[in-house]
Amino acid sequence: MSQTMSANNRRIAKNTIFLYVRMLFTMGIGLVTSRVVLQVLGVDDFGVYNVVGGVVAMFGFINSSMSGATSRFLTYGLGKSDEVYLKKIFSLSLEIHIAISIVILILSETIGLWFLNNKLDIPPESMYAANWVYQCSVISAVISITQVPYNAAIIAHENMNVFAYVEILNSILKLVILFVLYAVAGNKLMIYGFLVLGVSFVVAFIYRFYCLKHYRECRFTFTKDRALIKPIFSFFGWDLYGNLSTIMRTQGVNMLINIFFGVIANTAYGIAMQVQGAVGAFSSNIITAVRPQIIKNYASGDYNAMKHLIYASSKYIFMLLVAISIPVIIEMDFLLKIWLGEVPLYSVWLCRLSIFFLYFSTLSFIMVTGAHATGKIKIPSLINGSIYLSVVPISYIAFKHGGSIYIPFICNAIFVFFGCCMNLYAIKRQIAQFAFWSYFSEVILRCALATFCAAIVPAVIYFSVSYGWVRLGLEIMASVVGVSVATLYIVSENNEREIIFAKIKDMFIKWKIMRR
C-alpha cells in the first residue's frame, strides 16, 4: 500500500510540475496581453468585451454541470479498470454535450440576444461591435461544450503534460493576436473577438486529435444504455443547480454591476477576475492533479488514502496560496500600476477581495471533489446552490439602496466557507473516516494560525519601508520564509515533517555529490 501511495504521490508531483510550467508560461504572456488589450481596445471596449462574453457564460452553467459529471464517471471507470464502461460513458457524454450545445445556441440567439440589445448598458457606438463579439462568443461556447468529454478524458488519464503543451501554444497564439491588432486597421473590438474565436477552434482541434489517437474509449459509438443514463442525469441534475448558482454568483453580479455602475466598473470587475484567476492558478493546478486520485481512491475503496489526500492537499494548497497572495494583497496598488499603467476605479479592492475569496473557494473545491467522488451530491448541491444564488438578490437590494460595489465579494467569501462545511458533511454521510471537527482542527485552524503568523513580518515591512520595488522584494522573501516555517511547524503533522526533512536532506546530499 505504501508503494502504491508513493507511486501516486510521484504521479501527482509530475503532473503538478507540468501544470506549473504551463501556468508560469501562460501567466507571463497573459499579464502582457491583458495590459496591451486594455490599451488597444480602451477602457470602454474592454468593459464591453467582458460583459458581452458574460452573457454567453450565463448559459454555460449547463455545460459546467455535464463537465463535472463526465469527468467524475470517466475517472471512476478508470479506477474500476472497466474499459467497456469507459467507452459507453464517453460516447453517451458526447451525445449529451452535442444536445447541450444546441440548447445553448437556441437560448443565446433568443433570450441572450434580447438581453444584450435591450438591458445591458453599452454605448450606442459600440452596439454593432458588441453584437459581432457576441456571435463569436456563442460559436466559441459551442466549440468548448462539445470539447468537454475530450478534456475530461485527458484529465482522467492524468496526462497533464498534454495540457501544458497545448496551453503554451494557446498563449503563443494569443500573443500573436496582439501583433495582428496593432498591424490591421478597423474596429479593434470586432477583430479581437474574431481572432479569439479562431484560437479556440485551433486548440479544440488539437485536443480532439490527441484523444482520438491515444484513447480507445474516445472513438464515438452511439449508445443509449439506460443503466448509465440514469446515474449520469441524476448527478448532472443536482450539479446543474449548483453550477447555475455559481455562474449567477459571478456573471449575474457582473450584469448588476453593469446596470448600477456602468462599463468602467465592468472593466474593474474583469481585471479582478483576471487577478483571481492568475493567483488561483497556483492552487488550481495542484487540485487538477490531485482530483483524479481522490476519485480513484474512492472507486477502489481505499477511503483512508482518500481522506489523507484530501486533508494533505487542503493544507498545503492553502498555504501555497497564502505564500503567493500575501505580498500581492499588500502591494495590490503598486502591482496594478506596474501591470496596467492607469488603474481603473474600484480595481484595487475588488482584486484584494477576489483573492480573499480564493482562500475559502480553494478548500471548498477540494471538498467538492470528495463529494463528487461519492456520486451523492443531492444535499450539498441543493444547499450550496441556494446559498450561492442568494448573492444575486442580496447584491441587487444592496445596490438598489446605494450599497457598495464590494458587497457581493464579501458575501461570496462568507458563503463559500459554509459551502465547504456542507461538502464535508456530504462526504461524512458516505464515508465514516471523515469528521467535521477533525477537518476543522487539522486543516482550518492550523491554516488560519499559520497564515496569521506568516503575515506579521510582511505587514511590518509594509509600514516600515518606503513604497517601491525594494519593499515588494522584501515582502516576497518574508512571505516565502514565513509561510515555509509556519507550514513546517504549525500545519504539518510529525510524520509529514519527518518526510519533508528527509527530502531536504536527500536533496542536500545529491547537491554535494554533484559539486564534487
Side-chain angles (χ1 to χ4, degrees), residues 43-44 46-48 50-55 57-58 60-61 115 119-122 241-280 321 325-326 328-333 335-336 340 343-365 383-423 444 448 451 455:
V43 173
D44 285 346
F46 187 85
V48 169
N50 180 61
V51 74
V52 166
V55 176
M58 286 184 67
F61 65 86
F115 190 78
K119 293 298 180 182
L120 293 183
D121 179 16
I122 296 175
Y241 181 69
N243 281 292
L244 167 62
S245 64
T246 300
I247 202 67
M248 288 298 291
R249 187 185 63 187
T250 51
Q251 297 303 333
V253 168
N254 193 16
M255 303 305 162
L256 288 178
I257 287 175
N258 175 264
I259 293 169
F260 285 94
F261 298 93
V263 292
I264 293 179
N266 285 120
T267 298
Y269 183 87
I271 291 169
M273 292 301 99
Q274 289 187 42
V275 170
Q276 179 178 299
V279 176
L321 181 61
S325 63
I326 286 178
V328 173
I329 290 174
I330 293 175
E331 295 290 353
M332 185 62 70
D333 182 56
L335 292 172
L336 288 181
L340 301 174
V343 181
L345 185 65
Y346 307 119
S347 297
V348 173
W349 275 101
L350 286 183
C351 290
R352 283 172 173 161
L353 290 171
S354 67
I355 294 176
F356 184 68
F357 164 79
L358 280 175
Y359 289 158
F360 302 105
S361 67
T362 296
L363 295 177
S364 180
F365 191 79
I383 297 177
N384 289 348
S386 300
I387 294 174
Y388 298 155
L389 198 58
S390 67
V391 173
V392 177
I394 290 173
S395 301
Y396 176 80
I397 294 171
F399 292 164
K400 193 76 174 177
H401 291 83
S404 169
I405 193 176
Y406 308 118
I407 288 175
F409 286 78
I410 297 171
C411 291
N412 284 341
I414 296 172
F415 291 168
V416 79
F417 173 74
F418 286 114
C420 179
C421 296
M422 180 48 57
N423 290 319
I444 296 177
T451 301

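Residue numbers run from 1 in the order of the sequence given.
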To the nearest 0.5 angstrom, please state how far the [atom1] atom of [X] sits from the [atom2] atom of [Y].
X    : Y    : atom1 : atom2 : result
I326 : L321 : CD1   : CG    : 9.5 Å
N266 : N254 : CG    : CG    : 5.0 Å
L336 : S347 : CG    : OG    : 6.5 Å
R352 : Y406 : CZ    : OH    : 10.0 Å
I387 : M422 : CD1   : CE    : 6.5 Å
I405 : I257 : CD1   : CD1   : 4.5 Å

Q) Looking at L256, I394, I259, which hits side chain to side chain contact (heavy atoms under 4.5 Å, CB included) with F399? A) L256
(Q) Could you report the tightest heavy-atom contact between P344 and L340, atom names first, then the distance? (A) CD-CD1, 4.0 Å
Q) Of all heavy-atom pairs between I407 and A398, which one has the smallest distance, and what is that distance? A) CD1-CB, 3.5 Å
Determine whether a donor-acceptor pair (N or O, by modelled atom type, separation under 3.5 Å) exists between the side chain of [X] and the backbone of [Y].
X    : Y    : result
S354 : C351 : yes
S364 : F360 : no
N384 : N423 : no

Q. How far apart are the C-alpha atoms of Y346 and F261, what are their side-chain angles, what is the distance that settles it, and do they pass the side-chain contact (heavy atoms from CB on, under 4.5 Å) test?
A. CA-CA 11 Å; Y346 307 119; F261 298 93; 3.8 Å; yes
Q) More than 12 heavy atoms of other residues, nucleotides or ligands under 6.0 Å from CZ of F357: is that the case? A) yes
Q) Is it the case that more than 12 heavy atoms not belonging to F356 sit under 6.0 Å from its CZ atom? A) no
Q: Could you pull out all residues at least two apart from I355 that satisfy side-chain contact (heavy atoms from CB on, under 4.5 Å)?
A: V275, V279, S325, V328, I329, M332
Q: Walk me through it: do L358 and S361 pass the test side-chain contact (heavy atoms from CB on, under 4.5 Å)?
A: CA-CA 5 Å; L358 280 175; S361 67; 3.8 Å; yes
Q) Can you pull the side-chain hydrogen bond (donor to acceptor under 3.5 Å, both in side chains) pairs that have at least one residue in residues 388-399, sequence neighbours excluded? A) none
Q: Output all residues satisfying ring pair (Phe, Tyr, Trp, His ring centres under 6.0 Å) with Y359, sequence neighbours left out; order by chain, then residue number.
A: F318
